[in-house]
Amino acid sequence: MRFDTYGGVDVLYVADVPTPTPGAGQVLVNVRAAGINPGEVAIREGVFHERWPATFPSGEGTDFAGVVADVGSGVTGVAVGDEVIGWTDDRASHAEYVVVDAEQLAVKPAEVGWEVAGGLAVVGFTATAAVAAVASTRGEVVVIAGAAGGVGTVAVQLVVATGATVIGLASEANHAWLASLGAIPVTYGPGQRERIEAAAGGGIDAFIDLFGGGYVALAIELGVAPDRINTIIDFAAVEEFGVKSDGQAQAQSAATLGRLASSIATGELVIPVAATYPLTQVREAYRELAKRHTHGKIVLIP
């Protein structure tokens, strides 16, 4: 998948390029599934040009799962034919093949399906970092905005596992799902502050913003200390209020990926797949993501 200029989904196109060759310490993976993420939209549209500029022609995609097709010199612990989960920092996973350093791969448990594995890295790393940033503990109350999305679904489960009470902001269509994960669902929109306070029944200890659009300011209004607020999207609020902005980079490692995959394999962690699309329908996949009401991950199948 390529784009040659910033813009909407129409700038995306499928290109035929040579299969990459792994260098020393690298692995070539035949991609079976690759997730799409809101951050890729912002990069493609040029929203984060100052922070994460694109170099054209640009590829796209970070997380993936697939089968090892070749290994470079010096690679140990990974062999041709192995099923792996990984990530790339080169915006290159929306493709039939991707080359990454061996350290960017974890073993895919047989119990984890390709679609789930292919969409795991970005949401898993981001949720892990956001939850760690607010440091929730048993008996506390944590609000999560955007709780039913890809990152939100993981974050809810990770916070529940700490013993904290989770209030998940989402549309009513996602309330039953959030409740099944152990969260208290609350409808977002006008009057949400009063609904959050009623659901909390007292003070609110931490707030995770996965949506933007003023939720950091709401957290401040609710009396949450800035060092217990984390946003992955509202960087202007980070400057204004001094809150945290930990995300994918703060938790990115093969060890973290392996732990998350193991939790999925044992049933401790659930990641729903909202829809799958072939690579040739990537524009349709991003149009679905743009609705911002997706229940779980949208995954490409190259």
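Note that this is a predicted model, so its numbers are computed, not measured. Computation of the quantities below employed the complete heavy-atom set of this structure, encompassing side-chain atoms and omitting hydrogens, waters and symmetry-equivalent molecules.
Here W114 pairs with nothing under the ring pair (Phe, Tyr, Trp, His ring centres under 6.0 Å) rule; sequence neighbours left out. With sequence neighbours excluded, no residue forms a side chain to side chain donor-acceptor pair (under 3.5 Å) with E115. In this structure S136 satisfies the side chain to side chain donor-acceptor pair (under 3.5 Å) test together with T162, sequence neighbours excluded. Qualifying ring pair (Phe, Tyr, Trp, His ring centres under 6.0 Å) partners for Y215, counting only residues two or more places apart in sequence or in other chains: none. For T21, there are no side chain to side chain donor-acceptor pair (under 3.5 Å) partners at least two apart in sequence or on another chain. Every ring pair (Phe, Tyr, Trp, His ring centres under 6.0 Å) that F235 has, sequence neighbours left out, goes to F48. Partners of R283 according to the side chain to side chain donor-acceptor pair (under 3.5 Å) rule, which considers only residues two or more places apart in sequence or in another chain, do not exist here.
Within the hydrophobic cluster formed by Ile, Leu, Val, Met, Phe, Trp and Tyr side chains joined at under 4.5 Å, directly or through other members, Y13 stands alone, with no partner residue.
Sorted by first and then second residue, the salt bridge (charged side-chain N to carboxylate O under 4.0 Å, His left out) pairs involving residues 27-52 (not counting sequence neighbours) are R44-E60. Note on residues 142-160: no pairs pass side chain to side chain donor-acceptor pair (under 3.5 Å), not counting sequence neighbours. For residues 267-277, the pairs satisfying side chain to side chain donor-acceptor pair (under 3.5 Å) are T266-E268, with sequence neighbours left out. The ring-ring contact (aromatic ring centres under 6.0 Å, His included) contacts involving residues 59-91 comprise W87-F125, where partners must be two or more places apart or lie in separate chains.
For CD of E172, the number of neighbouring non-hydrogen atoms (other residues, nucleotides, ligands) closer than 6.0 Å is 12 at most.
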